[in-house]
Amino acid sequence: MSVTGIIIAAIIVGGTGLFIGVFLGFAGKKFAVEVDEREEAILGVLPGNNCGGCGYAGCSGLASAIVKGEAEVGGCPVGGAPVAAKIGEIMGQEAGAQVHQVAFVKCAGTCDKAGQDYEYHGLGDCVMVNMMQNGGPKSCNYGCIGEGTCVKACPFDAIHVVNGVAIVDKDACKACGKCIAACPRKLIDLVPYEQKHLVQCNNKDKGKDVMKVCSVGCIGCKMCEKVCEAEAVKVLDNISRIDPEKCTNCGACAAKCPKKIIQ
């Protein structure tokens, strides 16, 4: 190949590269999406866990929603009140009172307290076991299956299966809601961190049927309801329920419960 040919080829390649560079630069400016400075600032104070507990696709999704007015400044369950206050300053809004919440498993049916119909040998997954005969080997069809699907879902290592029942570490829990979504029996709720008395049962059967499958299950006797002066305890669907907003944490319900299922 002649020197002239090499020079022409170099000019063509260089010219093409220059054209593409200029075109991409122009296109980048022409079609650039402007980002609100507040969104960047909010993203900077969010924890960055990208757990999805806020209901959006990661921290960037929540930051965008807050700026657009589609989400509350306290929408991050992991950051809690401190992060809500910082976001409130950025948005020029009052964050308001933020209740520190944690996950709570409504079951105390450990291996020694809950009956078992058969032995299960298979995949360690609650969703899979829940589809087995009678909803799994445990006699109670409302209780914790204990295969640890919630444990695998928790990004903070805040929940573990102990003696057949999932237990939440209150101090490690960030209330992201991952365990709630993972539980096939919907046994996990978010409750106030400061709440001292909670009913650790979810069995909605009548008392005599509950006693057949679990020695500590709520029998719906209403003794807790009768002794609660704050009217915070009600028995609905054969199971005791405590309203955290009315509860004074006096402990009368727990002391009166014959099954000691109010922790």
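Since we're looking at a predicted model, the values are computed, not measured. One is the number of the first residue; the rest follow in order along the sequence.
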Minimum heavy-atom separation for [X] and [Y], please, with both atom names.
X      : Y      : answer
Ser240 : Cys218 : N-SG, 3.4 Å
Gln133 : Tyr118 : O-OH, 2.6 Å
Pro244 : Pro192 : CB-CG, 3.9 Å
Cys201 : Ile261 : CB-CG1, 3.8 Å
Cys176 : Val78  : CB-CG2, 4.5 Å

Does either side chain, that of [X] or that of [Y], offer a donor lying less than 3.5 Å from an acceptor on the other one?
X      : Y      : value
Gln195 : His197 : no
Arg185 : Asn130 : yes
Tyr142 : Asp205 : yes

**Item:** Pairs where residues 147-194 contributes a residue and the test ring pair (Phe, Tyr, Trp, His ring centres under 6.0 Å) is met, not counting sequence neighbours
**Value:**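 Found His100-Tyr193.
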
**Asked** Restricting to pairs with a member in residues 227-255, which pass ring pair (Phe, Tyr, Trp, His ring centres under 6.0 Å), not counting sequence neighbours?
**Response**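 Applying ring pair (Phe, Tyr, Trp, His ring centres under 6.0 Å) to every pair that reaches into residues 227-255, excluding sequence neighbours, yields nothing.
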
**Prompt:** Within the side chain of Asn50, is there an N or O that forms a donor-acceptor pair under 3.5 Å with the backbone of Cys59?
**Reply:**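 A pair under 3.5 Å: yes.
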
**Prompt:** Are the side chain of Lys260 and the backbone N or O of Ala255 linked by a donor-acceptor pair below 3.5 Å?
**Reply:**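 Flag set: sc Lys260 to bb Ala255 pair under 3.5 Å.
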
